[in-house]
Amino acid sequence: MQYLAEGLRLPTNGLDYAILAIYFAVVLGIGFAARASVKTSLDFFLSGRSLPAWVTGLAFVAANLGATEILGMAATGAQYGVAVVHWYWIGAIPAMVFLGLVMMPFYYGSKVRSVPEFLLQRFDKSAHLLSSVLFAFAAILIAGVNLYALSIVVEALLGWPQWVSIVVAGFFVLAYITVGGLSSAIYNEVLQFFVILAALIPLTFLGLKRVGGWDGLSDSLTASHGDAFLTAWGGTGIGDPNPLGANWLTIVLGLGFVLSFGYWTTNFAEVQRALSAKNLNAAKRTPLIAAFPKIFIVFLVMIPGLVAAVLVPKIGTAGSDLTYNDAIPLLMQELLPNGVLGIAVTGLLAAFMAGMAANVSSFNTVFTYDIWAKYVKQGREDRYYLRFGRLITAFGVLCSIGTAFLASSFSNIMGYLQTLFSFFNVPMFVVFIIGMFWKRASMKSGAWGLFAGTSAAMVNYFWIYKQGVIDMPTDQGANFVSAIVAFVAGALVMVVVTLFTAPKPEAELAGLVYGTTSPGMEEAPDEGDSVWYRRPALLGWGAIVLAAACYIPFSF
């Protein structure tokens, strides 16, 4: 088990703790304020579908900007260098735009309450049940990663043992989600977004100042790690060595298409925020609004990782007790004065709560609606499902505490997350994309595609990669290959099964397959839709062009 490095204790004082206490009081206050709006299970699980686009958009990006994002991407920057930009400008923005422009009309227009429920409408109960179980399992694993990430910070802050940090933090998040439901989580995520920025911005600028600005950082890293460490695409030719251990083909297909689209378009922890929007136009704008801050957040996590690679050259190396996950706490200890340190610690705790709350709130929705209400206790009154939702939230947090200890065995938690995405999100994406664009895809093909994709990814990772059947230089490179294998296997099995089984009646595909519409997808435009920032297509293309322009200084 990887514990925080010996002696890595943040020099906090009373001012820092006061800032932290105020923040926790505000978070709980938001939870209790949101409780008044929770009257039905729809209020608890989807905020009554009543929130404006700017709220759901900021919550969308904050739900992803968890402690795993901050600690994990900083760790990736320290380990692999500037290549971390791929996770944002290729691995996020195009998929977020696709979700907003193409997939949200199907999700929101069909009035589904979760991502697996869409598979029930498009395929059959076997695809629905399998996807629900896989998603619930993945959500608990990912929530555990967030808990472990928080324990790193709390251990550095208070010196508490790791298990105490995990348990105490888990129960705090349980309190405000159980009280206020999704509304509490979303409004807290909006607050947490700005607190996270207030933590990362001073850390980034002080880190650059310490190493002599960007020029000093570049010179130091070039001398210690080589030229490829500071380029996004340099050295990514097939067969060429580079820090990431991946070539342009696996980056574009494995990360840019399969992993990225698999995560952003089918991960209910994200989609749930858009489904809580007040109407279809607001739901479509949600991921597009989130795409713009996502373009620039990479600098706030990449640069601290690069600075840590300069200030602590032994980080992550054999024989050192420092893992790449320690990059952010190391810089906080080294660079931040009291007061600013309190804001930074609060920001990291906010990031943890945003990430964990997103996964726990999506877990309780899927487990209640898609498993319990559909297959165990059918036809109960709404109040029963509201009570059960609160109960299963507590169960989810307890399970997350257990999976947090599993995450602690990985020196780079972002690598662990990418492994989980290749196992669970990619197979679901291939089923969605084929089912959404191919009318002939049969009802039985959905479940078999899910099973084949998940199995193929696990075989590639645990046998072909871990057993050394084929040499893959790094965990991240292996994850990209696993994602491609999962997509290809799932797609092939769906095609073969479709050839031998019956398709869904065409009359039942309205609003579920591209090119068809249903009454729920037709909606009067909002007042003011002619304004550019209310037009999803313009927002989407603007985000893609801006992300592409950002690549230029880091390309070669």
Please check if atom [atom1] in [X] has more than 12 non-hydrogen atoms from other residues, nucleotides or ligands closer than 6.0 Å.
{"X": "Tyr375", "atom1": "OH", "result": "yes"}
{"X": "Lys444", "atom1": "NZ", "result": "no"}
{"X": "Arg440", "atom1": "CZ", "result": "yes"}

> Do the ring planes of Phe367 and Phe388 sit parallel (below 30°), tilted (30 to 60°) or perpendicular (above 60°)?
Replying inline: parallel

>> Below 30° counts as parallel, above 60° as perpendicular, anything between as tilted: where do the rings of Tyr461 and Phe423 land?
In response: perpendicular

Enter the distance from [X]:[atom1] to [Y]:[atom2] here, rounded to the nearest 0.5 Å.
{"X": "Thr265", "Y": "Ile433", "atom1": "OG1", "atom2": "CD1", "result": "6.5 Å"}
{"X": "Thr368", "Y": "Ile392", "atom1": "OG1", "atom2": "CD1", "result": "6.5 Å"}
{"X": "Asn460", "Y": "Lys466", "atom1": "CG", "atom2": "NZ", "result": "12.0 Å"}
{"X": "Leu288", "Y": "Leu101", "atom1": "CG", "atom2": "CG", "result": "5.0 Å"}
{"X": "Asn359", "Y": "Ile142", "atom1": "CG", "atom2": "CD1", "result": "5.0 Å"}
{"X": "Trp54", "Y": "Ile289", "atom1": "CH2", "atom2": "CD1", "result": "10.5 Å"}

Taking side chain as C-beta onward, heavy atoms only, is [X] less than 4.5 Å from [Y]?
{"X": "Val271", "Y": "Tyr107", "answer": "yes"}
{"X": "Phe193", "Y": "Ile297", "answer": "yes"}
{"X": "Phe480", "Y": "Leu253", "answer": "no"}
{"X": "Leu191", "Y": "Tyr23", "answer": "yes"}
{"X": "Trp372", "Y": "Tyr384", "answer": "yes"}
{"X": "Val431", "Y": "Met494", "answer": "yes"}
{"X": "His128", "Y": "Phe118", "answer": "no"}
{"X": "Phe106", "Y": "Leu512", "answer": "no"}

> With no hydrogens and no angle check, do the side chains of Ser442 and Thr501 hold a donor and an acceptor under 3.5 Å apart?
Replying inline: yes

> Is it true that the side chains of Asn479 and Ser422 contain a donor and an acceptor less than 3.5 Å apart?
Replying inline: no

Is the ring centre of [X] less than 6.0 Å from the ring centre of [Y]?
{"X": "Phe98", "Y": "Phe261", "answer": "yes"}
{"X": "Phe421", "Y": "Trp264", "answer": "no"}
{"X": "Phe487", "Y": "Phe257", "answer": "yes"}

